[in-house]
Amino acid sequence: MKVGHSQEEIRRHNLSTLLHHVHIGGPVSRAVLADRMGLNRSTILGLVTDLTTAGLVLEELPRDTGRAGRPSLVVRPESARVYVLAYDVGVDRLAAARIGLGGVFLDRRERSWPLDEPNDPAKVADALAGFARQMLAIAEPGSRCVGVGVAVRGIVRHPDGLVRRAPNMGWTDQDFRTALARRLDLGVPVEVDNEANLGALAEHLRGAGVGSDNIVYLHGDIGIGGGLVTGGRLLRGTDGYGGEVGHMIVNPRDGSPCGCGARGCLEAEAGERALLAAAGRDPQETGQEVVRAVVSAADRGDVVARAALHQVGDWLGVGVANLVNLFNPSVVIFGGMLRDLFLGAAAQIRSRINVSTLAASREKLCLRVSRLGEDSVLVGAAELGFSALLADPLAVLADAAEEPLAPPLPG
């Protein structure tokens with residue numbers, strides 16, 4: 001902390017840092033925490049005591065040390081008692097999870113959303129509130145919800161979460177955060193962000209991007225979204241619209257029409273609909289299983305499926321090459337249906353990157369599939385939900401003495 005900060009500010013910062021270490025890194029000893037944070041052990045003891053009193057962490061013996069002598073206590077997150085609700089609002093599916101401190105999945109719900117049924121924001125909010133009622137009803141007695149994080153396929157304004165445009169869902173300027181918060185009525189922060197931003201955050205903290213501060217995460221389902229981490233932070237732009245790589249023009253002359261109104265966007269040329277159309281499949285049949293069926297058919301020698309993968313993989317490679325030249329990432333991660341597309345068209349994608357990128361920009365480049373798989377967006381939404389707690393645990397400490405841990409169930 002800088003000289004001149006008050007003792008209260010310093011303590012808030014230290015509590016935040018310690019809780020972040022435990023939340024992301026898992027059980028860790030006080031000695032290791034002292035080393036990581038550059039603080040003496042008595043200060044660490046005081047911080048751990050405050051967080052334990054608030055019900056955020058617990059000290060316990062390690063499960064298996066493999067060493068002789070008395071083992072040191074480790075500090076672990078109170079995953080069963082402190083949790084958030086995480087939501088993934090897709091075009092054709094809704095998913096929800098109750099995720100404990102430390103990133104532990106405690107409960108999960110999912111339902112499909114027919115493409116011929118409008119994604120009315122009010123109906124979506126009602127469905128998510130229904131998930132909340134189900135999950136909170138069986139939560140551990142005395143446990144506490146500390147936040148809600150929501151991922152949406154669209155252009156989301158930061159920091160207020162206004163959904164400016166979600167073309168594949170027909171949303172324009174929707175204050176979905178307020179609508180959902182009203183239905184949940186939990187008295188905790190509700191935050192909304194773009195699904196690819198949250199997928200990038202999740203993979204950076206817990207997945208295929210761990211250890212790298214410069215990553216590009218591409219998430220595909222019906223559309224394509226992108227999240228960029230530069231210098232260890234999400235790249236948002238002026239109002240949070242940075243990273244909309246799905247609407248990067250890759251085919252300006254003969255491009256396919258995109259839901260955003262332009263032609264030749266990466267999403268239009270390399271998205272799920274483009275793959276299914278090229279493979280001669282029913283465009284109404286969506287989802288990863290349909291994409292996997294095309295990849296599997298290509299593996300078995302289906303000429304049409306192979307040509308479709310080659311075509312779509314080439315356009316995806318063009319998009320990735322542009323991103324590599326622009327941002328010089330160390331890792332590009334393919335998530336959602338792009339995970340399967342990459343596995344089926346890796347050779348074509350790599351070939352395009354090798355031809356179209358600066359040699360210096362690709363020297364240290366790694367191409368990886370999402371380590372978190374289908375959970376990446378929910379994990380990122382959970383991190384969004386935990387952001388207020390991690391930023392200021394002192395606020396939770398103050399509330400803990402006045403309010404019960406268990407929130408009221410929404411009606």
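Only heavy atoms go into these numbers, but all of them, side chains included; no hydrogens, no water, no symmetry mates.
Rounded to the nearest 0.5 angstrom, Q348 CD and R306 CZ are separated by 13.5 Å. Note: S143 OG to L101 CG = 12.5 Å, rounded to the nearest 0.5 Å. For the atom pair OG of S370 and CG of L218, the computed distance is 11.5 Å after rounding to the nearest 0.5 Å. Rounding to the nearest 0.5 Å places CG of L275 at 6.0 Å from CG of L309. If you take CD on E191 and CG on L384, they are separated by 5.5 Å, rounding to the nearest 0.5 Å. For the atom pair S29 OG and R36 CZ, the distance stands at 8.5 Å (nearest 0.5 Å).
The shortest side-chain heavy-atom distance between N197 and V156 does not fall under the 4.5 Å cut-off. With contacts defined as side-chain heavy-atom distances shorter than 4.5 Å, the pair D375/R108 qualifies. Contact of the L162 side chain with the D173 side chain is registered, since non-hydrogen atoms from C-beta on lie closer than 4.5 Å. Counting heavy atoms from C-beta on, the side chains of R81 and R144 never come closer than 4.5 Å. Contact check for Q7 versus I10: side-chain heavy atoms found under the 4.5 Å cut-off. Looking only at side-chain heavy atoms (C-beta outward), V295 and L341 stay at 4.5 Å or farther from each other. Within the 4.5 Å cutoff, the side chain of S356 has no heavy atoms near those of the V318 side chain. Annotation: side chain of I215 is not in contact with side chain of P329 (no heavy-atom distance under 4.5 Å).
When atom types are taken as modelled, the side chain of R368 and the backbone of A208 share a donor-acceptor pair closer than 3.5 angstrom. A donor-acceptor pair under 3.5 Å is absent between the side-chain atoms of D314 and the main chain of H310, judged by distance alone. Counting only distance, with no hydrogens or angles, the side chain of R339 and the backbone of V369 share no donor-acceptor pair below 3.5 Å. Using modelled atom types, one side-chain atom of H204 and one backbone atom of S212 make a donor-acceptor pair closer than 3.5 Å. Using modelled atom types, no side-chain atom of E267 and backbone atom of H247 make a donor-acceptor pair closer than 3.5 Å. Formation of a donor-acceptor pair under 3.5 Å by the R371 side chain with backbone atoms of G207 is found in this model. Although no hydrogens or angles enter the test, the distance criterion places no donor-acceptor pair under 3.5 Å between the side chain of W113 and the main chain of V89. One N or O on the side chain of E269 and one on the backbone of S256 form a donor-acceptor pair closer than 3.5 Å. With hydrogens and angles ignored, the 3.5 Å screen pairs a side-chain donor or acceptor of N214 with a backbone N or O of G231. In this structure, the side chain of T357 engages the main chain of I353 through a donor-acceptor pair within 3.5 Å.
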Could you check V377 against R153 for side-chain contact (heavy atoms from CB on, under 4.5 Å), going step by step and ending with a plain yes or no? CA-CA 11 Å; V377 174; R153 269 66 170 170; 4.3 Å; yes
Evaluate the side-chain contact (heavy atoms from CB on, under 4.5 Å) criterion for residues E272 and V91: first the C-alpha distance (whole Å), next the side-chain angles of each, then the deciding distance (0.1 Å), finally the verdict. CA-CA 12 Å; E272 181 178 298; V91 179; over 6 Å; no
Begin with the C-alpha distance, continue with both residues' side-chain angles, and end with the deciding distance and a verdict on salt bridge (charged side-chain N to carboxylate O under 4.0 Å, His left out) for R157 and D239. CA-CA 6 Å; R157 190 168 67 192; D239 293 309; over 6 Å; no
Stepwise salt bridge (charged side-chain N to carboxylate O under 4.0 Å, His left out) check, R11 with E8: CA-CA 5 Å; R11 192 162 189 79; E8 181 181 352; over 6 Å; no
For the pair M37 and N14, evaluate side-chain contact (heavy atoms from CB on, under 4.5 Å) and give the outcome as yes or no after the intermediate values. CA-CA 8 Å; M37 296 175 63; N14 287 338; 4.3 Å; yes
V75 vs L73, test: side-chain contact (heavy atoms from CB on, under 4.5 Å). Steps then yes/no. CA-CA 7 Å; V75 184; L73 293 174; over 6 Å; no
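A donor atom on one side chain and an acceptor atom on the other are not found under 3.5 Å apart for T52 and E59.
The two residues V379 and A202 make their nearest non-hydrogen contact at CG1-CB, 3.7 Å. Taking every heavy atom of both residues into account, P27 and R76 meet most closely at CG-CB, 3.8 Å. A pairwise comparison of heavy atoms in I99 and A382 identifies CD1-CB, 3.6 Å as the closest pair. For R111 against A127, the heavy-atom pair with the smallest separation is NH1-CB, 4.1 Å. Scanning all heavy atoms of the two residues, the minimum distance from V190 to A181 falls at CG2-CB, 3.8 Å. Here the closest heavy-atom approach between residue C145 and residue L186 is recorded as SG-CD1, 4.1 Å.
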All N/O donor-acceptor pairs, side-chain side in residues 15-24, below 3.5 Å, sequence neighbours left out:
from	atom 1	to	atom 2	distance (Å)
S16	OG	L390	O	2.4
T17	OG1	H13	O	2.9
H23	ND1	G102	N	2.8
H23	NE2	R206	NH2	3.3
H23	NE2	E383	OE1	3.0
H23	NE2	E383	OE2	3.1

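Scanning for side-chain hydrogen bond (donor to acceptor under 3.5 Å, both in side chains) contacts around R233 gives an empty result, with sequence neighbours left out. A search for side-chain hydrogen bond (donor to acceptor under 3.5 Å, both in side chains) contacts involving R300 returns S296, not counting sequence neighbours.
Under the 30°/60° scheme for interplanar angles, the aromatic rings of F334 and F342 are found to lie parallel.
The side-chain contact (heavy atoms from CB on, under 4.5 Å) test with Y217 is passed by exactly one of L338, V332, V331, I333: I333. Only one option out of T49, L51, L47 pairs with V57 in a side-chain contact (heavy atoms from CB on, under 4.5 Å); it is L51.
A salt bridge does not link R182 to D175: none of the charged side-chain nitrogens sits closer than 4.0 Å to a carboxylate oxygen.
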